[in-house]
Amino acid sequence: MRDVPVQVPGPAPLAGTLTLPDAPLPAPAVLLAPGSGPVDRDSNHRRTRFDVTRQLAVALAGAGIASLRFDKRGVGGSPGDWRAAGLHDNVDDLGAALELLRGRPEVDAGRVLLAGHSEGAILATSLAARGAPVAGLVLLAMSATPGEELLRWQARQIAPTLPRPVRALLRLLRTDLEAKVAANHRRIEATTTDVARIGGARINARWHREFLAYDPREDLRRVSVPVLALTGSKDLQVPADDLDVIAAAVGGPVDTHRVPDLTHTLRRQPGPPSMSAYRRELKDPVDPLVVDIVVTWCHRTTTPADGATTA
């Protein structure tokens, strides 16, 4: 395996890594899209290390599959401000990365997949729905719920899992977390700038406006390539039942996996699900079963029946 530094062209050139396997080239490849917020090519935030895309890149290389991952705008080696980028800007950036990957001589352009975690899965779906030339999609913790509805669902799931002192304070202040989230949505929808200050914090307002209005089911219905969809049973940020929505909406073959005890971090969590346990579980690698399912599916999907390449 070897890593090659690359730059994705665009309004804000994005720094990335092309990981090549120790295998005959050109090889099949996977474009890896990270989750939401200021995360780098490895899916890591300066305070939280998910490390999803880096670990998948290593595992894919071991199976003879190349991959490309990149820093989002304003993160790592990429210039710009991540707060100023909208949801659709992120789809455009993923499209530019796909064009770069398919044009590399080390890659078989006819055997390129898109894979995304969380927001990355939404970006991959949206790009495929535009008609991007890909051979399949890997959707990890993908929401099939309209954005505003999803964020309110998250509030309902998270509220009971908050630390006891926080829950006591909310009761004392007579604060309903879901109602507070809905009120913030109304404030965000009234903004017109890319970045706005809500509740004393500067947020990516345009991204939020676009996400609140986004219904992933519309894009899923435009997808006809093979899809692997995987979500954990203890995901507090995406309903695991959305796997059924994905399977019903996509026009092509869909392989779904609801993994017991798996959280949004793609790690296992014993006991009742709680976001407060993320810090501990992120010390562990991505669940081996998840990695195995992804790599096996990608290998099978990019291996022609006759063993020939499609470039």
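- R187 contributes atom CZ, which lies 7.0 Å from atom CD1 of I198 (distance to the nearest 0.5 angstrom).
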May I have the list of side-chain donor-acceptor pairs in residues 288-302 shorter than 3.5 Å, sequence neighbours left out?
| from | atom 1 | to | atom 2 | distance (Å) |
| --- | --- | --- | --- | --- |
| T296 | OG1 | D292 | O | 2.8 |
| T301 | OG1 | W297 | O | 2.7 |
| T302 | OG1 | C298 | O | 2.7 |

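- The structure places CG of L20 at 10.0 Å from CG of L68, a figure rounded to the nearest 0.5 Å.
- Grouping Ile, Leu, Val, Met, Phe, Trp and Tyr residues whose side-chain heavy atoms lie under 4.5 Å apart, directly or via other members, leaves L243 alone, with no other cluster members.
- Residue pairs meeting the salt bridge (charged side-chain N to carboxylate O under 4.0 Å, His left out) criterion with at least one member in residues 118-127, sequence neighbours excluded: K72-E119.
- For R221, the salt bridge (Lys or Arg N to Asp or Glu O under 4.0 Å) test picks out no residue, with sequence neighbours left out.
- Shown here for H208 and I203, the closest heavy-atom pair between the two residues is ND1-CD1, 4.2 Å.
- By the neighbour-count criterion of 12 heavy atoms within 6.0 Å, atom CD of E99 is sparsely surrounded, having that number or fewer from other residues, nucleotides or ligands.
- R69 contributes no side-chain N or O that, together with a main-chain N or O of D42, makes up a donor-acceptor pair within less than 3.5 Å.
- L262 contributes atom CG, which lies 7.5 Å from atom OG of S233 (distance to the nearest 0.5 angstrom).
- Atom CG of D255 and atom CG of L139 lie 11.5 Å apart (nearest 0.5 Å).
- D3 and T19 share a side-chain donor-acceptor pair at under 3.5 Å.
- For residues 16-34, no residue pair satisfies the salt bridge (charged side-chain N to carboxylate O under 4.0 Å, His left out) rule, not counting sequence neighbours.
- Residues passing the side chain to side chain donor-acceptor pair (under 3.5 Å) test with D241, sequence neighbours excluded: R258.
- Minimum heavy-atom separation, S36 to W207: CB-CZ2, 4.3 Å.
- Among T193, T192, T191, D194, the one residue that satisfies the side chain to side chain donor-acceptor pair (under 3.5 Å) test with R206 is D194.
- Proximity of a side-chain donor or acceptor of S78 to a complementary backbone N or O of A15 within less than 3.5 Å is detected.
- Between the side chains of H117 and T53, no donor-acceptor pair of N or O atoms lies under 3.5 Å.
- Of all heavy-atom pairs between R280 and P270, the closest is NH2-CD, 4.0 Å.
- Across all non-hydrogen atoms, the minimal contact from V250 to V227 is CG1-CG2, 3.9 Å.
- When atom types are taken as modelled, the side chain of T125 and the backbone of A121 share a donor-acceptor pair closer than 3.5 angstrom.
- Across all their heavy atoms, P79 and A12 have their closest contact at O-CB, 3.7 Å.
- Partners of R83 under the salt bridge (Lys or Arg N to Asp or Glu O under 4.0 Å) rule, at least two apart in sequence or in another chain, do not exist in this structure.
- Clustering of Ile, Leu, Val, Met, Phe, Trp and Tyr by side-chain heavy atoms under 4.5 Å joins V238 with none of the others.
- If you chain together ILVMFWY residues whose side-chain heavy atoms come under 4.5 Å of each other, V39 ends up in a group of its own.
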Going through the checks in order, is the side chain to side chain contact (heavy atoms under 4.5 Å, CB included) test met by D93 and L14? CA-CA 8 Å; D93 288 347; L14 307 176; 3.7 Å; yes
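- Just one residue in the list D287, L56, V52 forms a side chain to side chain contact (heavy atoms under 4.5 Å, CB included) with L266, and that residue is V52.
- Note: L113 CG to L228 CG = 10.0 Å, rounded to the nearest 0.5 Å.
- Transitive grouping of hydrophobic side chains (ILVMFWY, heavy atoms separated by less than 4.5 Å) keeps V245 and L123 in distinct clusters.
- Between the side chain of E210 and the main chain of L87, a donor-acceptor pair closer than 3.5 Å is present.
- Within the 3.5 Å criterion, the main-chain N or O of N90 finds no donor-acceptor partner in the side chain of R73.
- In the model, E281 has a side-chain atom that pairs as donor or acceptor with a side-chain atom of T263 under 3.5 Å.
- Between P105 and P26 the shortest heavy-atom distance is O-CB, 3.7 Å.
- Within the 4.5 Å cutoff, no side-chain heavy atoms of T48 are placed close to those of Y278.
- Applying the salt bridge (Lys or Arg N to Asp or Glu O under 4.0 Å) criterion to D71, with sequence neighbours excluded, gives R41.
- In this view, R130 and D92 satisfy the salt bridge (Lys or Arg N to Asp or Glu O under 4.0 Å) rule, not counting sequence neighbours.
- Listed by chain and number, the residues in a side-chain contact (heavy atoms from CB on, under 4.5 Å) with P239 are T145, L150, W153, D242 (sequence neighbours excluded).
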